[in-house]
Amino acid sequence: MRNQSRYLLLITILLAIYYLVLGIHLNHLGYISQEAMFYIEKTKIVVDGLGNRLKVMGLTAPILPFYASFIFSAISAPLAPVIASSIITALLFFLIGSALMRRAKDEFYLFILLIIFIFHPGILYAACSGKSIALVMVFFFMFFFNLIKFYNSNTTFHVSIASISLVLLIFCDYKFIWLTLFFIPLVLSITIKSLNLGEQESIFRLFISFNNPSLRRKLINKTFALYIILFVLPLACIVCYKLLNLTHAQDLNYFSESPYATWTVLADKLSFDQLSTSTVYQIPETSILISARVLLFCPLILVAIYLFRNSMYQVLTLLTPFAFIEFLHIKYEKVFLAQEYYLIFVVLALLCILYKAQTIRNQTILKTIVGVLTLVQLYTGYIFLKNSSLTEEKNFITVLLNREPDTHQDENRQLANYINHLPEGSHVLVDDAIAFPIVAFTRDKKDLQRLTLPYQNSYLSAIEAPDKYDDYVLLASEKNEVTGFTQLNNKYIPVVKKANSALKLHRVYETSDWVLYKVYE
């Protein structure tokens, strides 16, 4: 067992190196995700910025991926998100692999796991894009892994660990708070199953429990206890975090609704607007069809459901993520499901197979099915990324396979380079709600400190009287898709000139999305 653990650790280290090399190569080709740029920009503000940076440090969301990226910024700020996602994805492999070796004890399943982590395009996207997907998958795995262990052992310790995992999962992606909705009725089913009754059917067990005072009291107490253990900690943490936002930002939902706090506000709007105006027809994301897409993306989940077929409440547990993504589609109707909401089913399928594979007598048939479906899954993973509704995901697979430079951020890089070479002592008014990529491309501490940004106390005064605070103003052009999210757009000039008729603004640099003005008085 000790030699197997060393062998697994060696594979994990090699896998982390593989992800790092690939991620750095893609970065050099120009690919960088919006989320990674957002973390880079916030990290630069915290480390090198001027003024009160506590709000940026504490309220940037999702907070755990940001902190993971922040830790590795000591190695390289521009590569920190990629380093973090690479190492965390390798860690996920180690967690699944170690659990597999303890239970299945079959190298075939470890080989299948390794094949998926080396070649699956979605896993490579999670590892090399600098996004929070890897952390989401780690805590999603821990949550369901401990729930399944609780089903077998009936030990509430595992529920406690699952609750902690759920908290961490929510702080990696706040939308997972809605996953709790679908566990509320499931907890009652779990409690009914745990009662020592001769009757096997749940509906009859419930009838017997409610008609027996002793059993009814036991059912209520145990159900309430499970609710407390599983849900109180996540809810308490969310309440405390919202109060923190209210105290420092005067808004309970600042972390999830402000473009200054999270990258998702603009990313979700952009992805939907781009698809809405596209002339290329794509299959719409509609209810029920979402679940069918999941089955196409991850056919191994069918094997997982089959393995747990003898326990209805465990099958219902496996079906809760399906209900969760259907709910997300309804609640966030103008937001397309990102890759992470499909990848969680890959993690869930691997978890179920490693936990139940050894219970099947005919291993030859099972291994054949798992092997074939794994190959199908690799292909569908590529198809889903290639035809993704999200431009960022399509860009990743294009750069990965074609190895051609990604030019989507070239204009932002060139503008940032121009700002970096402005005369010594120049100051530029910038709204990083939409201009965070430009701030992320600043060269060093000196270049960052020449920017007047919204987290600084002087920002509002600088907007009203730019001539007294700054030498340049960066405005979003009419063509900029998110120009409505900032005051610094084409409507700003008439307003500021009305307040100060002597003010003069002269264009010194222009791209399709941005115009940099020199301020004169």
Side-chain angles (χ1 to χ4, degrees), residues 24 26-51 53 56 60 69-70 72-83 130 260 263 266 405-456 458-459 462-463 466-477 479-480 482-483 486 488-489 492 505-520:
I24 293 171
L26 293 174
N27 187 273
H28 287 164
L29 288 175
Y31 178 82
I32 183 168
S33 66
Q34 291 280 327
E35 184 174 359
M37 280 190 291
F38 189 80
Y39 295 151
I40 292 168
E41 188 248 359
K42 297 305 178 188
T43 298
K44 287 190 173 185
I45 289 175
V46 172
V47 175
D48 296 325
L50 296 172
R53 293 159 282 170
V56 177
T60 296
S69 175
F70 182 81
F72 291 103
S73 64
I75 300 173
S76 171
L79 293 175
V82 173
I83 297 172
Y260 295 110
W263 64 280
L266 297 183
D406 184 4
T407 59
H408 286 81
Q409 296 298 328
D410 282 0
E411 286 189 357
N412 290 334
R413 285 190 180 92
Q414 291 164 8
L415 177 55
N417 186 57
Y418 183 87
I419 293 174
N420 292 340
H421 289 87
L422 288 175
E424 191 75 23
S426 299
H427 289 85
V428 187
L429 182 62
V430 178
D431 185 357
D432 67 342
I434 65 172
F436 63 86
I438 296 168
V439 181
F441 290 131
T442 52
R443 187 175 47 193
D444 52 32
K445 181 177 181 179
K446 178 187 67 176
D447 295 323
L448 177 70
Q449 292 183 352
R450 72 166 76 237
L451 306 180
T452 302
L453 297 168
Y455 79 91
Q456 296 171 327
S458 60
Y459 179 76
I463 286 183
D467 53 300
K468 293 181 173 60
Y469 292 88
D470 295 287
D471 306 289
Y472 298 85
V473 178
L474 181 63
L475 301 184
S477 69
K479 295 180 180 179
N480 195 314
V482 288
T483 187
T486 178
L488 298 181
N489 52 34
Y492 172 74
L505 296 172
H506 175 65
R507 296 189 182 201
V508 294
Y509 194 91
E510 185 173 359
T511 69
S512 60
D513 288 337
W514 306 101
V515 182
L516 183 66
Y517 286 89
K518 170 72 174 170
V519 181
Y520 298 94

Quick one: does V82's side chain get under 4.5 Å of F72's, heavy atoms only? no
Would the distance check show the side chain of N489 and the main-chain N or O of T486 forming a donor-acceptor pair, the cut-off being under 3.5 Å? yes
Do Q414 and T511 have side-chain atoms, one donor and one acceptor, less than 3.5 Å apart? no
Ignoring hydrogens and geometry, is there a side-chain-to-backbone donor-acceptor pair from S477 to V515 under 3.5 Å? no
Heavy-atom pair of closest approach, residues N27 and P78: ND2-O, 4.2 Å
Any non-hydrogen side-chain atom of H506 less than 4.5 Å from a side-chain atom of Y520? yes
Nearest heavy-atom approach of P466 to V519 is C-CG1, 4.4 Å
Identify the two heavy atoms, one from N480 and one from D513, that lie closest to each other, and give their separation to 0.1 Å. ND2-O, 3.2 Å
Side chains of W514 and V430 in contact at under 4.5 Å (non-hydrogen atoms): no
Under 3.5 Å, is there a donor-acceptor pair between the side chain of Y492 and the main chain of I463? yes
Find the distance between CD1 (I45) and CD (E41) and round it off to the nearest 0.5 Å. 4.0 Å
Closest non-hydrogen atom pair between A77 and I40, with its separation: O-CG1, 3.5 Å
In this structure, CG of L516 is separated from CD1 of I419 (nearest 0.5 Å) by 5.5 Å
Donor-acceptor pair, side chain of K44 and main chain of A440, under 3.5 angstrom: yes
A476 and T483 have their tightest heavy-atom pair at CB-OG1, 3.7 Å
Separation of W263 CH2 from K42 NZ (nearest 0.5 Å): 14.0 Å
Straight-line distance of Y260 OH to F436 CZ, nearest 0.5 Å: 12.5 Å
Does some side-chain heavy atom of L475 sit less than 4.5 Å from a side-chain heavy atom of Y517? yes
Spatial distance of atom CG (L474) from atom OH (Y418) [nearest 0.5 Å]: 12.0 Å
Can any side-chain N or O of N417 pair as donor or acceptor with the backbone N or O of R413 at less than 3.5 Å? no
Step by step, would you call F441 with N412 a side chain to side chain contact (heavy atoms under 4.5 Å, CB included)? CA-CA 8 Å; F441 290 131; N412 290 334; 4.0 Å; yes
How many angstroms lie between CD in Q449 and OG1 in T442, if you round to the nearest 0.5 Å? 10.5 Å
Hey, is the main chain of P423 close enough, under 3.5 Å, to the side chain of R450 for a donor-acceptor pair? yes
Check A462 against D470 and note the closest heavy-atom contact, atom names and distance. CB-OD2, 3.4 Å
When you measure from the side chain of Y31 to the backbone of H408, do you find a donor-acceptor pair of N or O atoms at a distance under 3.5 Å? no
Taking the side chain as everything from C-beta on, heavy atoms only, tell me whether V56 gets closer than 4.5 Å to V46. yes
